[in-house]
Amino acid sequence: MLHVIKIGGSTLADLEPAFFNSVKQKIQNGEKIVIVHGGGPEINKKLEETGLAVEKKDGIRVTNKETLSCVKAALKNIMNAALVKRLQQENIPAVGLCGSEESLIQCDFLDHVQYGWVGSVRKINTGVIKKLLDAEKVPVIAPLGVTNNGETVNINADTAAGETAAALSAKSICFVTDTPGIQISGEWEDSLTISEIHNGIQDGQIYGGMLPKVESAIKCLELNIDEVQITDQTLTGTRVVKEVVVS
Ligand SMILES: Nc1ncnc2c1ncn2[C@@H]1O[C@H](COP(=O)(O)OP(=O)(O)O)[C@@H](O)[C@H]1O
Ligand SMILES: CC(=O)N[C@@H](CCC(=O)OP(=O)(O)O)C(=O)O
């Protein structure tokens with residue numbers, strides 16, 4: 001059984017024993033894990049240091065060529081390297097991958113006029129990932145992509161994780177973030193249906209960085225991934241479900 005875990009930039013610097021133990025437990029049970037990580041705060045820091053603006057539309061970063069070099073440095077050189085090292089310290093056999101290399105995440109431009117160098121995933125080279133899984137490794141993927149012309153593009157990590165889960169026909173996907181799931185009207189929800197999520201977006205209760213997460217979560221459900229969750233590091237947060245199950 002294969003599980004995709006997306007770790008948000010909100011959480012990467014602060015990974016807790018509970019998280020590593022859950023990952024180790026799954027591996028001991030013979031389950032396969034693929035990790036896709038974010039790095040939004042690290043990118044913001046790099047942009048600020050360089051004097052560049054931080055601009056997002058609906059949780060997606062507007063990325064020009066200068067922004068892109070900060071994105072690459074933050075995601076690949078800093079966050080991917082640090083996460084792989086941290087997992088290895090915990091005896092998790094992590095191997096770093098960058099989506100823009102080995103034709104791993106092949107993209108078109110999402111909307112070049114609105115977002116610049118941001119990718120919409122066309123195809124994932126699953127062979128590279130499967131080879132590592134067969135060798136009992138844990139692939140750790142930085143969310144960059146490559147276009148047909150060989151240009152590197154930035155991909156929202158939630159989107160990249162959902163596409164990876166779909167391409168690998170994963171059993172589950174967990175979006176690990178800095179909240180215990182999704183909150184609606186002051187309550188942390190155990191589960192939400194797709195229509196409840198649409199309502200939450202419409203009345204402004206689901207916003208910002210949660211938007212790409214719920215969009216990707218819904219797409220995963222529609223592609224028949226059984227378990228879709230938005231959680232904190234305990235890996236038990238809000239389940240996103242197609243419809244209410246009447247028992
Ligand atoms: N309904 C909601 N419930 C919980 N968090 C929400 C909600 N709507 C928006 N958010 C925001 O989404 C954030 C998580 O997204 P983001 O900061 O991009 O995290 P990550 O780096 O983990 O992807 C939360 O910290 C919170 O500020
Ligand atoms: C196109 C786009 O939005 N790319 C994201 C990639 C990193 C990311 O998604 O990180 P989090 O998971 O921490 O939000 C960005 O530039 O911030």
Side-chain angles (χ1 to χ4, degrees), residues 4-15 19 35-48 52-64 66-76 78-80 82-83 98-100 105 107 109-112 114-121 141-145 152-164 173-190 192 196-217 229-233 237-238 240:
V4 171
I5 299 176
K6 186 265 172 166
I7 312 174
S10 63
T11 311
L12 272 172
D14 202 18
L15 288 172
F19 172 76
I35 293 175
V36 179
H37 66 85
E42 191 65 36
I43 297 171
N44 292 347
K45 196 172 133 205
K46 273 236 160 283
L47 290 173
E48 277 153 22
L52 295 169
V54 171
E55 191 188 350
K56 286 195 170 190
K57 286 183 193 160
D58 295 332
I60 306 292
R61 189 181 307 278
V62 177
T63 307
N64 63 26
E66 284 173 307
T67 319
L68 187 65
S69 65
C70 291
V71 171
K72 279 195 235 174
L75 290 180
K76 185 189 168 198
I78 300 177
M79 298 321 284
N80 190 274
L83 178 58
C98 179
S100 58
I105 309 187
C107 290
F109 285 110
L110 176 64
D111 176 340
H112 202 38
Q114 261 215 84
Y115 297 109
W117 276 261
V118 171
S120 146
V121 178
I141 304 174
L144 291 159
T152 298
V153 282
N154 184 9
I155 313 171
N156 180 273
D158 297 315
T159 313
E163 295 283 352
T164 303
I173 182 163
C174 235
F175 297 88
V176 180
T177 187
D178 61 349
T179 63
I182 304 178
Q183 194 176 42
I184 303 283
S185 304
E187 299 284 333
W188 295 106
E189 303 288 341
D190 287 338
L192 285 172
E196 285 170 330
I197 287 179
H198 285 311
N199 292 341
I201 295 172
Q202 244 163 28
D203 60 22
Q205 299 212 49
I206 296 176
Y207 55 88
M210 195 52 74
L211 288 172
K213 259 179 257 308
V214 293
E215 273 162 25
S216 181
Q229 282 200 69
I230 294 170
T231 86
D232 60 17
Q233 294 189 45
T238 306
V240 182

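Whatever order the structure lists ligands and atoms in, that order sets their numbers, starting from 1. When reading the values below, keep in mind they use all heavy atoms of this one structure, side chains included, and skip hydrogens, waters and symmetry mates.
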Between Met210, Lys6, Glu189, which one has a non-hydrogen atom sitting closest to atom 12 (O) of ligand 1? Met210
Which residue from Asn156, Leu12, Val214, Thr177 reaches closest to atom 19 (O) of ligand 1 through any of its heavy atoms? Thr177
Asp158 to ligand 1: N or O pair under 3.5 Å? no
Test of understanding: given a 4.0 Å heavy-atom threshold, classify the contact between Lys56 and ligand 1 as side chain, backbone, both, or neither. neither
Hey, does Thr11 come in under 3.5 Å of ligand 1, counting only N/O atoms on both sides? no
What's the shortest distance from atom 21 (O) of ligand 1 to any protein heavy atom, and which residue and atom give it? Ser10 N, 3.0 Å
Donor-acceptor contact below 3.5 Å, side chain Glu189 vs main chain Gly181: no
Just which atoms of ligand 1 are under 4.0 Å from any heavy atom in Gln205? 1 (N), 2 (C), 7 (C), 8 (N)
Please tell me if the side chains of Ile105 and Leu144 come closer than 4.5 Å, counting only heavy atoms from C-beta onward. no
Below 4.0 Å from any atom of ligand 1, is there a heavy atom belonging to Gly181? yes
Could you grab the distance from atom CG of Leu211 to atom NZ of Lys56, nearest 0.5 Å is fine? 11.0 Å
So, do Leu83 and Leu12 sit near enough that their side-chain heavy atoms are less than 4.5 Å apart? yes
Step-by-step side chain to side chain contact (heavy atoms under 4.5 Å, CB included) determination, Val214 to Val240: CA-CA 8 Å; Val214 293; Val240 182; 5.7 Å; no
Identify all side-chain donor-acceptor contacts of residues 35-46 below 3.5 Å with residues at least two apart in sequence or on another chain.
residue: His37; atom: NE2; partner: Asn80; partner atom: ND2; Å: 3.0
residue: Asn44; atom: OD1; partner: Arg61; partner atom: NH1; Å: 2.8
residue: Asn44; atom: OD1; partner: Arg61; partner atom: NH2; Å: 3.1

side-chain contact (heavy atoms from CB on, under 4.5 Å) partners of Thr11, counting only residues at least two apart: Ile7, Leu15, Val176, Asp178, Gln233
Salt bridge (charged side-chain N to carboxylate O under 4.0 Å, His left out) contacts in which one or both residues fall within residues 199-209, not counting sequence neighbours: none
Neighbour count above 12 (heavy atom, 6.0 Å) for Gln114 CD: yes
State the NZ-CD1 distance between Lys57 and Ile60, to the nearest 0.5 angstrom. 11.5 Å
Taking atom OG1 of Thr238 and atom CZ of Phe175, what is their separation to the nearest 0.5 Å? 12.5 Å
For ligand 2, run through the N/O pairs with the protein that fall under 3.5 Å and put one pair on each line.
residue: ligand 2; atom: 3 (O); partner: Arg61; partner atom: N; Å: 2.9
residue: ligand 2; atom: 4 (N); partner: Asn154; partner atom: OD1; Å: 3.0
residue: ligand 2; atom: 4 (N); partner: Asn154; partner atom: ND2; Å: 3.4
residue: ligand 2; atom: 4 (N); partner: Ile155; partner atom: O; Å: 3.4
residue: ligand 2; atom: 9 (O); partner: Ala157; partner atom: N; Å: 2.9
residue: ligand 2; atom: 10 (O); partner: Gly39; partner atom: N; Å: 3.0
residue: ligand 2; atom: 10 (O); partner: Gly40; partner atom: N; Å: 3.2
residue: ligand 2; atom: 12 (O); partner: Lys6; partner atom: NZ; Å: 2.6
residue: ligand 2; atom: 13 (O); partner: Gly9; partner atom: N; Å: 2.8
residue: ligand 2; atom: 13 (O); partner: Gly39; partner atom: N; Å: 3.2
residue: ligand 2; atom: 13 (O); partner: Gly40; partner atom: N; Å: 3.0
residue: ligand 2; atom: 16 (O); partner: Arg61; partner atom: NE; Å: 2.6
residue: ligand 2; atom: 16 (O); partner: Asn154; partner atom: ND2; Å: 2.9
residue: ligand 2; atom: 17 (O); partner: Arg61; partner atom: NE; Å: 3.3
residue: ligand 2; atom: 17 (O); partner: Arg61; partner atom: NH2; Å: 2.9

Near Gly8, which atoms of ligand 1 are under 4.0 Å from a heavy atom of that residue? 20 (P), 21 (O), 22 (O), 23 (O)
Considering only non-hydrogen protein atoms, determine which one is nearest to atom 26 (C) of ligand 1 and report residue, atom name and distance to 0.1 Å. Thr179 CG2, 4.3 Å
Could you tell me the residue and atom name of the protein heavy atom closest to atom 16 (P) of ligand 1, and the distance to it rounded to 0.1 Å? Gly209 CA, 4.0 Å
Establish whether atom 5 (N) of ligand 1 and some protein heavy atom are separated by less than 4.0 angstrom. yes
Residue pair Lys213, Thr177: steps toward the side chain to side chain contact (heavy atoms under 4.5 Å, CB included) verdict: CA-CA 10 Å; Lys213 259 179 257 308; Thr177 187; 4.0 Å; yes
shortest atom 8 (N) of ligand 1-to-protein heavy-atom contact is with Tyr207 N, 3.3 Å
Please could you name the atoms of ligand 1 that Gln183 approaches to less than 4.0 Å, counting only its heavy atoms? 1 (N), 2 (C), 3 (N), 4 (C)
Under the side-chain contact (heavy atoms from CB on, under 4.5 Å) test against Val54, which residue among Leu47, Val62, Thr67 passes? Leu47
Distance-only, no hydrogens or angles: does the Ser100 side chain make a donor-acceptor pair with backbone N or O of Thr152 under 3.5 Å? no
To which protein heavy atom is atom 25 (O) of ligand 1 closest, and what is the distance rounded to 0.1 Å? Asp178 OD1, 2.7 Å
Has ligand 1 got any nitrogen or oxygen that is less than 3.5 angstrom from a nitrogen or oxygen of Trp188? no
Any heavy atom of Lys213 under 4.0 Å from ligand 1? The part involved is side chain
Geometric N/O contact Ile206 with ligand 1, under 3.5 angstrom: no
Check whether any side-chain heavy atom of Trp117 sits under 4.5 Å from a side-chain heavy atom of Val71, and report yes or no. no
May I ask whether Gly9 places a heavy atom under 4.0 Å from ligand 1? yes
